[in-house]
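Below is one structure; the comments refer to it alone.
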Amino acid sequence: MDTTFLMNSLWVMLGAVLVILMIGGFILLETGSTRMKNAGHIAGKTILTFSISSIIFWAVGFGLIFGKGNALIGFSNFLYSGYDMDSLSLSGSVFFLFQLAFAGISLTIAFGGFAERAKLSAYLVFAVLFSVIVYPPIAHWIWGGGWLAEHGKQDFAGSTVVHLTGAMAALAATILLKPRIGKYNKDGSANNLAGHNQVFTALSVLLLWVGWFGFNAGSTLSVDKGFFGFVAMNTNLAAAAGTIAAMIVSWAVLGKADVPMMLNGALAGLVAITASCAFVETWAAVLIGFIAGLLVFYSIRFFEKVKIDDPIAALSVHGTAGVWGTLSNGFFATKELATVGKPGLFYGGGLHQLGVQALGVFTCAAFAFIVSFILLAVMKKVMNGLRVTEEEEIIGLDMSEHGSYGYPELVKAEQQFKVQ
């Protein structure tokens, strides 16, 4: 076995570990951005649903994406053995684990639309359905040799495949579940149901930021010429630019440098550069991240205005930034770096690649939203609702769904104080 094969396998295995550790980042992000009474529920259901996603991906998801099939779906490599794809320049089992991690992240993003009000049973059923029906077709179209790949769609590490897909499922969920109790007043004005721990949220962003080096740089699938370093550099600079942009715009509009908005700016920069990190020059990566930081601020305000309750800003961070990041290739992909598709508008490619990117965004977003909405609507009918009762929501999902609090001493102390 040659050294290149071993080095590539080791590098991608490290990338897989970093991406799976991002699940921990999402636990802290969702927990910190929501209220204390739901903390234990969020932590537990995230681990449980990632476990479900892993088994489903092994059984059918991987085969639907990368199996031999047609332009729409794959039809082989089910119950994947770990040895069927060693014709790659790395271990087939390592490639499988890397791709499994991406599927799990997309599902975790989708569950942002369920936060603080969905039944545990709704999470469990949708984890299976999303992992079979929603995520695999889109991943196959772009990464598995499907029809968008044939058109030259550029999405290096998943601004569309992972982030936009998850965000559109989250949008379907939050529409069907409706806003949390107390989020909106009768006159339509919104209340700030603040998360209970900004330190958790900041730590989550740092964990996700580091994990993104596995997400993006790991997607090179190779150590050849150290190109992963260039991808990592673009990733880091875009995140930094997104943070700064969100700070500037929040300070200018609100009169204060809003901490949650800065953190969302960092994530928006990361999401946006995910599609283009290997196809654009460094200056463009900074600009892509900066624009994403501006967009996320106005996107969050838009969704709140139209009464779509998005507790962890999944629609803006992963949806809006995912759209922008995917389209950015149509402007900034260079002749030298565009190993997939054609150069962007500013590099002599005309409008062709921008059109391909827009086609991919529209079809994937529409598919993910419509299919998720139908699945969730059927679940709502069959399961006698997706949402917990009003009393259970007020008590908190920790107690109503699991019989114990994530912070038992703190919650009990708070309740005793209110009684006094």
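Along the sequence shown, residues carry numbers from 1.
Just one residue in the list Phe95, Phe62, Phe66 forms a ring-ring contact (aromatic ring centres under 6.0 Å, His included) with Tyr80, and that residue is Phe62.
Every residue meeting the side-chain hydrogen bond (donor to acceptor under 3.5 Å, both in side chains) condition with Gln357, not counting sequence neighbours, appears here in chain and number order: Gln353. Residues passing the salt bridge (Lys or Arg N to Asp or Glu O under 4.0 Å) test with Lys119: none are found, sequence neighbours excluded. Shown here are the side chain to side chain contact (heavy atoms under 4.5 Å, CB included) partners of Val340, two or more places apart in sequence or in another chain: Gln154, Phe279. A search for side-chain hydrogen bond (donor to acceptor under 3.5 Å, both in side chains) contacts involving Glu401 returns nothing, not counting sequence neighbours. The salt bridge (Lys or Arg N to Asp or Glu O under 4.0 Å) check on Arg180 picks up Glu116, Asp309, with sequence neighbours excluded. In terms of the side-chain hydrogen bond (donor to acceptor under 3.5 Å, both in side chains) criterion, residue partners of Thr174 (sequence neighbours excluded) are, by chain and number, Arg117. For the side chain to side chain contact (heavy atoms under 4.5 Å, CB included) test, residues two or more places apart in sequence or in another chain that qualify with Asn197 are Val199, Phe200. For Ala368, the side chain to side chain contact (heavy atoms under 4.5 Å, CB included) test picks out Val134, Ile138, Thr165, Met168, with sequence neighbours left out.
Among pairs with a residue in residues 43-62, those fulfilling side-chain hydrogen bond (donor to acceptor under 3.5 Å, both in side chains) read Glu30-Lys45, at least two apart in sequence or across chains. Residue pairs meeting the ring-ring contact (aromatic ring centres under 6.0 Å, His included) criterion with at least one member in residues 240-274, sequence neighbours excluded, do not occur. Note on residues 224-249: pairs passing side-chain hydrogen bond (donor to acceptor under 3.5 Å, both in side chains), not counting sequence neighbours, are Trp209-Asn236, Asn216-Thr235, Asn234-Thr282.
No donor-acceptor pair under 3.5 Å is formed between the side chain of Lys68 and the backbone N or O of Phe75. Judged by distance alone, with hydrogens and angles left aside, the side-chain atoms of Trp141 form a donor-acceptor pair with the main-chain N or O of Leu72 at under 3.5 Å.
A tilted orientation is assigned to the rings of Phe215 and His163, their planes being inclined by 30° to 60°.
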Which pairs of donor and acceptor atoms, one on a side chain in residues 286-296, lie under 3.5 Å apart (sequence neighbours left out)?
none

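Separation of the Phe102 and Phe98 ring centroids falls under the 6.0 Å cut-off.
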